[in-house]
Amino acid sequence: MTSGWGTPMLAEPPLLSVRGLTRIHGPGCPRCLDSTGDAAGRNDCPHCRSVVAIAGVDFDLWPGEILGIIGESGSGKSTVVRLLHLDDRPTQGSIRLRGGDGGCLELTELDGAARRRLRDTRLGIVYQSPHLGLNFAISAGGNIAERLLTAGERRFAAMRERALALLARTEIPRSRLDHRPAQFSGGMQQRLQIARALAPGPELLLLDEVTTGLDVSVQARILDLIMELQHELGVAMVAVTHDLGVARLLAQRTIVMRCGRIVEHGLTDQILEDPQHPYTQQLVMSAL
Amino acid sequence: MTTADPLLAVSGLSKSFVLHHQAKRIAGVHGLSFSVARGQLCALVGASGSGKSTVLKCIYRTYRPAAGRILLAGEPPIDLASCDEHAVLAVRRHRLSFITQFLHCVPRQSALEVVAAPLLARGVAREEARARARRQLAELGIPERLWDVPPATFSGGERQRVNIARALVAEPELLLADEPTASLDADAAALVERALRARRAAGGAIIAVFHDPALVARLADAVVHLPAPGVPCAA
Amino acid sequence: MAADDFGFLDAYAVREIRRALLKALAVPGYQVPYASREMPIARGFGTGGLQLSLSVLLPGDRIKVIDQGADDSVNAVNLRRFIVAACPGVQPVTRTAEATVIQTRHRIPERPLMPGQLMIYQVPYPDPLQIVEPREAERRRMHAEGDYARLWVKLYEDVVRFREVALSNRYPARVHGRYIIDPSPIPRWDLPKLHRSAVPHLFGAGREKKIYAVPPHTAVEPLAFADVPFEVERFRDEQGRRRRCARCQADDTYLDQIPLPGGGSRWQCNDQDACDERLGYPDAR
């Protein structure tokens, strides 16, 4: 059972509200949405050949919560992450982020500079491949400093101190501060990505298959670290994974995606023990 | 001994499982009603496969009920069968614990941290949470040398007592227990029995499934009989 | 118009370059694209600076051309000769105090510039972001959004590796609190001279087709961390004393190290005119 860590207070409004999020690659046609999705079993429109990466995705994320998104490749889960990280713009739909002042920001309407500023200060991302999340041409400390510098830090000593604290928190020896990430093990590279993502103190951390491809013991250490950090920092997270075990460990609630649509959502233990949708049942059965 | 003012009132609860790929429907429970009051232990009794665990999991919402209501008293009362996921999570955090048959926990956490976690989630300060976790572990007879060790390395019985300690530590209003003593030796089972009595004496409501009929006889204030698989419950 | 046809460039070119210059002065530090003209010297030899000089010079102006602090290097001599030939009525000079327009590569004169003078720079690489981003479209975006983090990261890595920023010249500087410029290959020593200078500084990159400017009395701040201050070259000897020019004895100028035939070396002012001026122009006719 999940321990119920970090489950939100009901009175609080959500940190993030996603409604009707849709991303179509290609010209699109009036029949795109009806010809794709779970029932159609495909995400490419047979009429116009557009790819409906996701359509009609709705969910809320509360402060301090970890939401799991599971599905196989092509299900659209990584598209959701790209849109949340503002690396791509939706064809339709809204992504609203609540600010500290209680006001809401419609992320899909921000211009380039505002998107970048928001990403630099309020979002963090950890990718499956460290090559996407890290700059291999600069030191570990430089990777962390880059996030601090983008967020406006101009004190060298303060950056060194923060970088050392983040390394310590992510269990990377201090002596590695000035080493390049290429000299790190796979697990350590992922932990450095986490340190870098957390550097500016983001409110939302996106985890895109962060343990895929790692040894089981290395995986466990990273999942453990993520849970500790969530507990300590209260940062809300969206964790995309195809591994049900990862979702069970990390997420209180989980969304199941197939062919660009949400086919099921619920408490993670319910999704795993009492899956409703045929696809979820197949996923759970093949994992056990 | 159902009182007029129960803490939890289950009415018309039905749950079956549809296995889409095998085009099969598996019966769980059908039309079950019962209630439990504060300070009362209610035992679910029935043949294997009659759906005892299913009822507990429906209350915890690990299973999604197909029909019926599971009303938890409060201002206002919450229907655990239909309320949204966040309401369930809030109830789990503040009012409801579940002693499951297996302990799932974070790989590197020590037993003490595992047990203290529900308190931390409720906002209890770290030191106090750890102190209460130590008391709970001691009460259930977990030797002090194991407190700082991850439960993954424990024997089955020790692990199960950590699981029980975690469920009890936050003194939940409602405790669900699925065969809590099944994997324990007699001494450990006695400690758990004592802890359950203490929880009840403190006003907690307990809904339990016991593998041992003697425990039902000794502990239960009320007994709910589940009919054989596939048979509807008596009205 | 006859007046605009003055100085090798045709009237349209002059007008376009002047318009670009006005825009560059109005948006300090912003790189204004312009149609760099073919010059009778190869690109990379100062065509950007030359086009600026030819489009601002008027009869009666006095032009000084410096290369590496010297007025008599081959490149300086050729450029000066060409300008004077193309601009009747413009006098060649070597004394900073006498010049109305100074075209330079590598140095800003030691002698404080005075209102009425114009500094013109031959710029090889106009974009300070080039060292961190090869794609020009991306660099334009970074400038537009003031996104200079990667330049700061380069400074961070330098300070980590060398305990200081390892840029001896082309040290990036922020103009008027907004755009960051590459101040062309001037040494760090000269960078503070741009700050709130009395004269306009005009930068032309012929090969890269960009013009930018620092207007007079404008803030120019070298990029530096709050706690790792920007420093100019110190010119200390082994005992930590400030070196002096072996010729004029100045201890407040940018020095060149000149190897001696028998081993060892001597230090001498890089700015030849400043050195001569201090000595009272001993070789003057």
Side-chain angles (χ1 to χ4, degrees), chain A residues 1-14 59-62 64-65 67 171 216-217 219-228 230-232 234 245 248-255 264-286, chain B residues 15-23 28 53-54 57-58 60-66 78 83-109 113-123 126 150 152 163 166-167 170 172 176 178:
Chain A
M1 291 305 110
T2 52
S3 64
W5 267 6
T7 47
M9 300 297 294
L10 274 182
E12 260 182 306
F59 64 86
D60 291 318
L61 180 73
W62 268 259
E65 182 186 30
L67 176 74
E171 302 166 23
V216 177
S217 61
Q219 271 192 31
R221 188 170 178 191
I222 286 174
L223 295 175
D224 215 32
L225 177 66
I226 290 168
M227 277 182 286
E228 285 170 21
Q230 185 238 356
H231 192 45
E232 259 169 53
R248 179 193 279 278
L249 220 47
L250 286 184
Q252 288 92 30
R253 293 187 306 128
T254 291
I255 283 171
E264 183 166 359
H265 67 94
L267 298 166
T268 306
D269 52 327
Q270 181 252 300
I271 295 282
L272 295 173
E273 296 199 34
D274 185 20
Q276 311 286 310
H277 190 275
Y279 173 71
T280 318
Q281 291 187 353
Q282 189 190 351
L283 267 186
V284 171
M285 278 190 328
S286 54
Chain B
K15 175 64 186 168
S16 57
F17 303 88
V18 178
L19 299 183
H20 294 280
H21 293 277
Q22 300 165 31
S53 294
T54 299
K57 286 184 174 178
C58 282
Y60 201 70
R61 257 285 276 284
T62 295
Y63 288 169
R64 188 179 282 199
I78 301 168
C83 67
D84 76 32
E85 295 147 13
H86 281 97
V88 176
L89 289 170
V91 166
R92 285 183 183 183
R93 181 161 62 164
H94 294 287
R95 305 181 64 189
L96 174 65
S97 295
F98 194 179
I99 302 171
T100 51
Q101 289 185 347
F102 303 100
L103 174 68
H104 292 293
C105 59
V106 187
R108 288 192 307 175
Q109 266 189 333
E113 285 166 338
V114 169
V115 175
L119 292 173
L120 295 175
R122 285 186 180 199
R126 179 166 291 271
N163 198 14
R166 181 171 66 171
L176 309 174
D178 195 356

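Throughout, a chain's letter reflects where its sequence line sits, starting with A, and its residues are numbered from 1.
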Side chain, backbone, both or neither: which part of [X] has an atom under 4.5 Å from a heavy atom of chain A?
X: Gln22(B); value: side chain
X: Val18(B); value: backbone
X: Phe17(B); value: side chain

**Request:** Please state whether the rings of His86(B) and Trp62(A) are parallel, tilted or perpendicular, taking 30° and 60° as the class boundaries.
**Result:** tilted

**Asked** Side chain, backbone, both or neither: which part of His277(A) has an atom under 4.5 Å from a heavy atom of chain B?
**Response** backbone

**Worked verdict on Leu223(A) versus Leu250(A) for side chain to side chain contact (heavy atoms under 4.5 Å, CB included)** = CA-CA 7 Å; Leu223(A) 295 175; Leu250(A) 286 184; 3.9 Å; yes

**Complete:** Here the gap from Lys57(B) atom NZ to Thr100(B) atom OG1, rounded to the nearest 0.5 Å, amounts to 8.5 Å

**Request:** Considering only heavy atoms and a distance below 4.5 Å, find which of Pro275(A), Ser217(A), Gly266(A) pairs most often with chain B.
**Result:** Gly266(A)

**Prompt:** Do Gln270(A) and Gln276(A) pass the side chain to side chain contact (heavy atoms under 4.5 Å, CB included) test, and can you show the C-alpha distance, the side-chain angles, and the key distance before you say yes or no?
**Reply:** CA-CA 9 Å; Gln270(A) 181 252 300; Gln276(A) 311 286 310; 3.9 Å; yes

**Message:** Evaluate Thr280(A) against Glu264(A) for side-chain hydrogen bond (donor to acceptor under 3.5 Å, both in side chains), listing each step before the verdict.
**Reply:** CA-CA 8 Å; Thr280(A) 318; Glu264(A) 183 166 359; 2.8 Å; yes

